Amino acid sequence: MQMWARITFLVALAAAAACTRVPELEDRLTPDLRNAGYPRLLPLDDALEPLDPPQQAGEELQQELDARSDRLQRRAAALKNAEF
């Protein structure tokens, strides 16, 4: 029974802490922002750019990875042949 009392007390304490005012955040709002209306919502399909087809995106990624691999191999060869 005493364990349930502790749990109830902790839940009540957490609920009370969640309801506190956070002045650092609330005081940052200017009066015109506080009284502003909500922005107009857009459908998600209209808000995002259409994606490239997966085949095209895969080919572009493969080209980028191949180019990076070539650059790293040339760099490694240059370091291997460098004289210290």
Side-chain angles (χ1 to χ4, degrees):
M1 183 65 180
Q2 192 172 13
M3 183 175 155
W4 287 109
R6 287 182 184 173
I7 291 174
T8 304
F9 175 73
L10 290 174
V11 168
L13 186 65
C19 294
T20 59
R21 181 176 176 272
V22 182
E24 298 87 24
L25 297 177
E26 290 180 6
D27 292 341
R28 285 184 166 175
L29 293 177
T30 60
D32 58 328
L33 285 178
R34 190 168 288 145
N35 297 329
Y38 286 102
R40 189 173 68 85
L41 298 178
L42 297 174
L44 193 55
D45 292 335
D46 296 342
L48 299 176
E49 295 182 10
L51 296 175
D52 293 334
Q55 184 67 25
Q56 182 182 353
E59 290 172 3
E60 290 173 2
L61 178 61
Q62 187 62 46
Q63 290 172 357
E64 288 177 24
L65 291 175
D66 290 341
R68 183 175 181 202
S69 174
D70 292 340
R71 281 194 313 268
L72 289 173
Q73 287 176 353
R74 284 194 308 268
R75 189 172 167 191
L79 287 173
K80 185 186 274 189
N81 296 332
E83 294 183 25
F84 293 102

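All values reported here derive from a predicted model rather than from experimental measurement.
- Side-chain heavy atoms closer than 4.5 Å link hydrophobic residues (I, L, V, M, F, W, Y) into clusters, and following such links, possibly through other members, connects Trp4 to Val11.
- The 12-atom threshold is not exceeded at CD of Gln55, counting heavy atoms of other residues, nucleotides or ligands nearer than 6.0 Å.
- For the pair Arg71 and Arg74, the minimum side-chain heavy-atom distance is below 4.5 Å.
- Side-chain heavy-atom separations under 4.5 angstrom define the hydrophobic clusters, and the remaining members of the one that includes Leu65 are Leu61.
- Residue Arg68 holds its CZ atom at 12.0 Å from CG of Asp66, rounded to the nearest 0.5 Å.
- Remark: Leu41 CG is loosely packed, at most 12 non-hydrogen atoms of other residues, nucleotides or ligands lying under 6.0 Å away.
- Judged purely by distance below 3.5 Å, without hydrogens or angles, the side chains of Gln63 and Glu59 never pair a donor atom with an acceptor atom.
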